[in-house]
2 protein chains.
Amino acid sequence: MAKQPIPYKTYLSEEEIPRQWYNLNAAMKKKHEPFLNPATLKACSADDLKPVFCDDCVEQELNMTDLYVDIPEEIRDFYKMYRPSPLVRAYCLEKALGTPAEIYYKLEGNNTSGSHKLNSAVAQAYYAKKQGLKSVTTETGAGQWGTALSMATAYFGLDLIVYMVKVSSEQKPHRKEVMRTYGAQVIPSPSDTTAAGRKILAEFPGTGGSLGCAISEAVEKAVTSDSCRYVLGSVLDHVILHQSIIGLESKAALDKYGITPDLVIGCVGGGSNYGGLIAPFMGDKIAGKNETEFIGVEPASCPSLTRGKFVYDFCDSAKITPLAKMYTLGCGFMPAPNHAGGLRYHGMSPIVSELYHEGLMRAVAVEQSKVFEAAEYFARTEGILPAPESSHAIRVAIDEALKCKETGKKKRILFGLTGTGYFDMSAYKQYNDGTMKDYIPTDEDLAKGFASIPDIPQNK
Amino acid sequence: MAKQPIPYKTYLSEEEIPRQWYNLNAAMKKKHEPFLNPATLKACSADDLKPVFCDDCVEQELNMTDLYVDIPEEIRDFYKMYRPSPLVRAYCLEKALGTPAEIYYKLEGNNTSGSHKLNSAVAQAYYAKKQGLKSVTTETGAGQWGTALSMATAYFGLDLIVYMVKVSSEQKPHRKEVMRTYGAQVIPSPSDTTAAGRKILAEFPGTGGSLGCAISEAVEKAVTSDSCRYVLGSVLDHVILHQSIIGLESKAALDKYGITPDLVIGCVGGGSNYGGLIAPFMGDKIAGKNETEFIGVEPASCPSLTRGKFVYDFCDSAKITPLAKMYTLGCGFMPAPNHAGGLRYHGMSPIVSELYHEGLMRAVAVEQSKVFEAAEYFARTEGILPAPESSHAIRVAIDEALKCKETGKKKRILFGLTGTGYFDMSAYKQYNDGTMKDYIPTDEDLAKGFASIPDIPQNK
């Protein structure tokens, strides 16, 4: 094992930015169940998906065999603008906690989008451009994904329409303005630009919209034009493939010091950052090359892994997407207004769901007041203001480090710091003011959500 | 000259973070005139300054002889948390402009304070702690300085009171919340916590406050306690000393490729980032070791260098500070509501003023609509959303690169990208909406400001 001292931050060189993504699907002995066409209940084919998504993304989505997938040079050139991201040794946090554990985190927030989302946004924009498309559509709630995509489409010269949940576009005008600065057209959803939007507006004139409705509008806009496709920021296999760059860079940096983490921790919403962070470590575990433990951290207000069902469900609340076999609270589950908007999702990526179902990882649900306590502690010791989503991972990393203090174990903990909290200050204000509430769904709340799960033979 | 290819981003190693600051005062053949005690009109001694500022900072302020000043290990340890900052080769911007020029920028915004301000905040907080003080006070307008200082005082376990211009604290509640998250007490100024504040409130009950008033309150609070001092984020020599780390790191990175910049560009408000960026390059120029040109960029709305007078003036509008020989619009000049809050200052650091007076640098004033045009262009090509202040430098860097396109000259341009614009989205909104106005003071406006310059023998 290397004896060289470990600096606060380890940057790979530009040459060391990975040239291939890591396809966790290929590493998994048991593959997740296929997406189903809700009309036929048959496995989705490439032809089912290509009217919605870019051709290359569809091929990646269905690729269960190639462990490594080449990263096109054009995408790698964009990566060079903000990657490699640093792997940080949290010396100050370790000292403040008095733990014998070694804590490392991979910082993905040091780009204008403020999160890891850019890793997949640039890939999807590139493939759209390569296919000769003129524009792409998407939806955004809190705005991270829309911001990342607007940066990517500006770079590749594509038009972008972002359907932003109306209430979010009113609550987060600054996020909207970042997207506009990058040239995106931001339309509060529901809108009169689609049949789906007009229908909702007619039924509920004063509605503030929902992610489900915004997805419906974005997909409709995409499929009704030959030169346009829809892009999605999480959940799907090809998104996790793109996000594997997080794990690959983390592993390459740790390998320099001969370190294999004992524990890898990440927050889980749709599952893309987590899937990307753990990918190469989990692949090695499946291959018997390490004994690393994995923890996915979710909000107690939206506990898809810890309290959900492992069944086929729609990926959206409007029931227009394919069905995915996943841990879900039901596509009709309405998450409470927790501040971690990026984790407020009823389901979980099929890859992460399958790993959890097989016992290859654990899941922990945490309450947001405990999350913000950890966020503030982290900000004051490590200097970085974390996003509420990322702070779920910080909470559990701190808890695990404190367990090490009790047991004296020198565990090596790696967690994903997915983003920064600059656009989440109203949440921090609630915490600072002492007015933050925790939300834990009752069994009745969950039952209502479960009732929305489709009643199909595969779910019997 | 090295032939190795230059990556997008050059990071020094942790070991290469400078161990000494560069004292531009010592390099200057003609020193700037000393600060004057306004009561006696004699040069300020250390004893005059020590009741207000930390002892070590006072000694640094008056140090005209040591070219290098050691950086204490404790400060260097903090620097390791967010430094070295990258030196970026703006390949995408060069390509988009079609210029033969090589453009480099030093990115100082990748820390939670969002700007270079942290470089001096941590130093001043450290010296306060070393002196056994319990707390420090400061004022903040737009909030960058207050944010940086709150991070530094949280790290060193000092109490911090920030007097924030009341109208700013209302317009920028999110900035205030970042400071609170780092444990600072943020008091909208004017307040009833000081005699100065109470006096203003009695005279102008509904006032939104001013930077001058906030300075008065912060200084009063500091000097009325033995265990407290006041800290300032710009203008002064010791602040520029701390900021020299920007220039030193830039130079160390460029030296790796055998590159001496032909042109160094920075925005100028109080002058600290600019003074820090240019320090080692300017020192070499004075010593005859290079022929680098220097440009300071200021807002046309607050043109202290291009339209100001080189006289003794107060550093604050409340006329409580020492007098500085500098380019000034008069301490009573009221800058228009330009969006670059960090450049809305009536005066200019004595060091930068002296360099300008001697013809060692040029100054350019630009209008904010042109600045935001450059900011948006830069965001879309380089991926980074710049602060309005920093975008002044971007504007002139682009203009100079376009001149190279005409002349065919392959100039090497270095500019300082001092910060990110995440908390400036209402300014971007005005630009996106097409409602942004430019402000250029009339000669009458300037005459009013000049009338506030003190009528002392030194100004005859």
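Throughout, a chain's letter reflects where its sequence line sits, starting with A, and its residues are numbered from 1.
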Inset, instruction - Heavy atoms only, distances under 4.5 angstrom: which of A/K176, A/E15, A/K80, A/R175 has the most pairs with chain B? Name it, please. - result: A/K80

Legend entry - Min side-chain heavy-atom separation A/P86-A/T10 under 4.5 Å: no

Legend entry - chain A neighbours within residues 416-434 of chain B, where any heavy atom lies under 4.5 Å away: B/Y422, B/F423, B/M425, B/S426, B/Y428, B/K429, B/N432, B/D433

Legend entry - Beyond-backbone contact of A/K9 with B/M81, side-chain heavy atoms, under 4.5 angstrom: no

Legend entry - Partner chain B: residue of A/N110, A/N111, A/V88, A/D77 with the largest heavy-atom pair count (under 4.5 Å): A/N110

Legend entry - Interface moiety of A/M151 toward chain B, non-hydrogen atoms closer than 4.5 Å: side chain

Legend entry - A/Y182 side-chain N/O to B/G383 backbone N/O, donor-acceptor pair under 3.5 Å: yes

Legend entry - Electrostatic pair B/K172-B/E177, nearest N-O below 4.0 angstrom: no

Legend entry - Pick from A/Y91, A/Y82, A/Y11, A/F372 with the largest number of heavy-atom pairs that fall under 4.5 Å of chain B: A/Y11

Legend entry - Most contacts with chain A, counted as non-hydrogen pairs under 4.5 angstrom, among B/T112, B/L118, B/I384: B/T112

Inset, instruction - Check the surroundings of atom NZ in A/K370: do more than 12 heavy atoms from other residues, nucleotides or ligands lie under 6.0 Å from it? - result: no

Inset, instruction - Quick one: closest heavy-atom pair of A/I71 and A/P18, and the distance? - result: CD1-O, 3.4 Å

Legend entry - Salt bridge flag under 4.0 Å for residues A/R395 and A/E373: yes

Inset, instruction - Using modelled atom types only, decide if a donor and an acceptor are shared between the side chain of A/S135 and the backbone of A/D159 within a distance under 3.5 Å. - result: no

Inset, instruction - Indicate yes or no: does B/K129 engage B/E74 in a salt bridge with an N to O separation below 4.0 Å. - result: no

Legend entry - Electrostatic pair A/R83:A/E14 at N-O distance under 4.0 angstrom: no

Inset, instruction - Flag the pair B/E108 and B/K117 as a salt bridge only when some basic side-chain nitrogen lies within less than 4.0 angstrom of an acidic carboxylate oxygen. - result: no

Legend entry - chain A neighbours within residues 374-382 of chain B, where any heavy atom lies under 4.5 Å away: B/E376, B/A379, B/R380, B/T381, B/E382

Inset, instruction - Name the orientation class of the two ring planes belonging to A/F78 and A/Y155 (parallel below 30°, tilted from 30 to 60°, perpendicular beyond 60°). - result: perpendicular

